[in-house]
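A quick write-up on the structure given underneath.
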Protein chains: 2
Amino acid sequence: MHSVIEKPTGSDVARLAGVSKSAVSRAFTGGVVSEEARKRILEAARLLKYRPSNTARSLTTRQSRMIGLAVTSLDNQFYPEVVEKLSDRFARAGYRLLLFVTHGEADLDPVLNELLGYGLDGVVLASSSMASQVAAECREAGVPVVMFNNVDPDGVQAGVSSDDEAGAALVARYLLASGHERPAVITGLGQSSSSVRRLRGFQYELARAGRARARASSGDYTFSGAFEVARAWIEGPSPPDALFCVNDHMAIGALHAVHHRGLTPGRDISVIGFDNVSIAHWPLLDLTTLAQPLEGMIEATVALLLKAIASNTMPTTQEALTGKLVIRGSARRAPGITREASGEETWAD
Amino acid sequence: MHSVIEKPTGSDVARLAGVSKSAVSRAFTGGVVSEEARKRILEAARLLKYRPSNTARSLTTRQSRMIGLAVTSLDNQFYPEVVEKLSDRFARAGYRLLLFVTHGEADLDPVLNELLGYGLDGVVLASSSMASQVAAECREAGVPVVMFNNVDPDGVQAGVSSDDEAGAALVARYLLASGHERPAVITGLGQSSSSVRRLRGFQYELARAGRARARASSGDYTFSGAFEVARAWIEGPSPPDALFCVNDHMAIGALHAVHHRGLTPGRDISVIGFDNVSIAHWPLLDLTTLAQPLEGMIEATVALLLKAIASNTMPTTQEALTGKLVIRGSARRAPGITREASGEETWAD
DNA sequence: GTGAAAGCGCTAACAT
DNA sequence: ATGTTAGCGCTTTCAC
């Protein structure tokens, strides 16, 4: 069934409305047109089912109204939330997201060429792997980039994250305040800045309290990785009495290992995550976790990028927003817990 | 920090390489160019960091290499999986996804104008709400559309889904085979075709077995909606002995209600979902569910759309792939369960 | 195999 | 307020 539809152009509308192409363009871009003409144009457009071509428009305005979003994977539940919120927020500003789901591929060039070929107005890098390199290339090509939940080790790329070290330190103090003696940390991938920083913040705080360094091992940012690390520790000699996982996704894996051994989280052993993904509150998980200030991070990311686009400059600001520790049942409770208006419990010292 | 970067164009490359624009174009599009020239062009391009503009290219070729993807929300864990897999599969074919996260907004026009303005090569509608209307408009505008996991009531729009009725019927037979007497169904939203069809398949099968219609109530496709429906039923008079939820997201909500009342799923009451989302296998959920043949559905969707694009026609095929019932612990077991090579258990009669 | 020229659909000066 | 003109960066006949 061949239905070769000839899309109407601005000229078609102009002809039908008895005006020039420019008038049509103005009518659709908020330019100056008499009420009289505007009405005729809109009517003609409606009749022809005309919609201005974004492609052609982009060519002249040099604005695509598209933002590239790179994420590594969507099976860590934190990222779908990020994608959805970024999409909503950018949509409100008139931008759509072009999605790049990377999988830590070794060769960045193809995806980079693609990314830069689309004439994106900006890029958000929520992928952890190689974000810095990609950011550098984009910036060099004149495309504003903001790294999300990931900070550039060289400190040159703009980024928004939560204060990983402060957050992890807060977790450490909470664990100490609730009387834990042998906390251990399940980390993510080596290159990941957030993993590194969270571990560092945690260890630093332990040291400050005169405690020994915590045992740490990588769960590779996966459920099963974290499960195995936790299981091995629990089954091994002198198991930890608390597990701090650098994200919720792994904390849920650790939680499963705990249940798997017939132990009860929050009583026999404590598990604390980082992110406060939306499912962390499920009673079956009931995860105590450091909540990233997601709304604020989204807002900051969008603001940074839009400002850069508007001013035709490269963003450089690095923001680290403060999270809060949300208390649920997976970790032994410490004194000083506050119940908020929402019914949520938090802890701060 | 003003860094107004002048992007190099094909002409720049042509000049540097000592050839014409056309030659540069050919070099980048697989046209005929002498090895000699091609080498010089590529070298010049590398020097200038030139990448062809997709925007300009789209204007002449009338191909954007972008596929629009509309989804309602990403908090039903099924959709992030769909998004990721579609993204991967389309990327392999050289297409990127432009994301539209809709929220069942009343007025479709703005988003439609946008969708059609981007010059997308095709559209996948994985959103349930109003998918048919959007599909009709796209088709009229000459943009191929495939509805995913959602079938057009009028039977005109192309679509890929699993065989909802057969799947639900299989669930019904399993529940009967495992001796349940009072199954009930938690449905989604009224307009949703998959909800309607799954309920229908379930009821039909019950009738065929000479049983009374199952009680049914809407959980609005939300966790809390399903939780409340399940809780009310469990606390009410003559509670059901099995809960069939038309998707896993709600099944997990129902599971929580069961635990909430101190009951054990699979022993005191059975819970069965639909989708087999990746987290359904978590031991804490351990959900028996009808697995949608996701890989096949993705493959079919991509194939349908790419074929339509290549042939410049509108797709019309409606495919309904067969799912399978994955047996886990949330429902009482029936005789005849098969253990597959993967270790997964399934049931078929 | 290569270049010249036209044109994709739009916006943005510049006139009027 | 409106029309004319000249591109935006590419691909694509069409000659050569």
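Proteins get letters first, then strands, A, B, ... in listed order; numbering begins at 1 in each. Quick caveat: nothing in here was measured; it's all calculated off a predicted structure.
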Checking salt bridge (Lys or Arg N to Asp or Glu O under 4.0 Å) for the pair B:Lys39/B:Glu35: CA distance, chi angles, key distance, verdict?
CA-CA 6 Å; B:Lys39 207 188 297 185; B:Glu35 259 324 301; over 6 Å; no
Closest-nucleotide 5' rank along DNA chain C - winner of B:Ala56 and B:Ser20:
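It is B:Ser20 whose nearest nucleotide is closer to the 5' end.
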Taking atom [atom2] of [N] as reference, at what distance in whole Å does atom [atom1] of [X] sit?
X: B:Ile41; N: C:dG1; atom1: CD1; atom2: P; value: 13 Å
X: B:Phe28; N: D:dT12; atom1: CZ; atom2: P; value: 16 Å
X: B:Leu116; N: C:dG9; atom1: CG; atom2: C1'; value: 16 Å
X: A:Leu59; N: C:dG9; atom1: CG; atom2: C1'; value: 9 Å
X: A:Asn54; N: D:dC8; atom1: CG; atom2: C1'; value: 14 Å
X: A:Lys7; N: C:dG7; atom1: NZ; atom2: C1'; value: 18 Å

With a cut-off of less than 4.0 Å, is there a side-chain N or O of [X] near OP1 or OP2 of [N]?
X: A:Thr60; N: C:dC10; result: no
X: A:Arg26; N: D:dG3; result: no
X: B:Thr55; N: D:dC8; result: no
X: A:Ser34; N: D:dT2; result: yes

With the threshold set at 4.0 Å, does a side-chain nitrogen-carboxylate oxygen contact exist between B:Arg40 and B:Glu36?
yes
Is the shortest side-chain N to carboxylate O distance from A:Lys85 to A:Asp88 below 4.0 Å?
no
For the side chain of [X], starting at C-beta, report the closest nucleotide among [options].
X: B:Pro52; options: D:dG3, D:dC10, C:dG3; result: D:dC10
X: A:Thr9; options: C:dG9, D:dC10, C:dT11; result: C:dG9
X: A:Val32; options: D:dT11, C:dT11, D:dA1; result: D:dA1

Is a donor-acceptor contact shorter than 3.5 angstrom present between the side chain of A:Ser22 and the base of C:dA12?
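In this structure, the two groups form a donor-acceptor pair.
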Donor-acceptor pair present, A:Arg51 side chain and C:dG9 base, under 3.5 Å:
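For A:Arg51, whose side chain was compared with the base of C:dG9, there is no donor-acceptor pair (under 3.5 Å).
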Modelled atom types, side-chain donor and acceptor of A:Ser192 and A:Tyr221, under 3.5 Å
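Indeed, the side chains of A:Ser192 and A:Tyr221 share at least one donor-acceptor pair under 3.5 Å.
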Between the side chains of A:Asn149 and A:Ser161, is a donor N or O closer than 3.5 angstrom to an acceptor N or O?
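Not at all, the side chains of A:Asn149 and A:Ser161 share no donor-acceptor pair under 3.5 Å.
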If you find the nucleotide of DNA chain D closest to A:Ala37 and the one closest to A:Lys21, which residue's nucleotide is nearer the 5' end?
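Result: A:Ala37.
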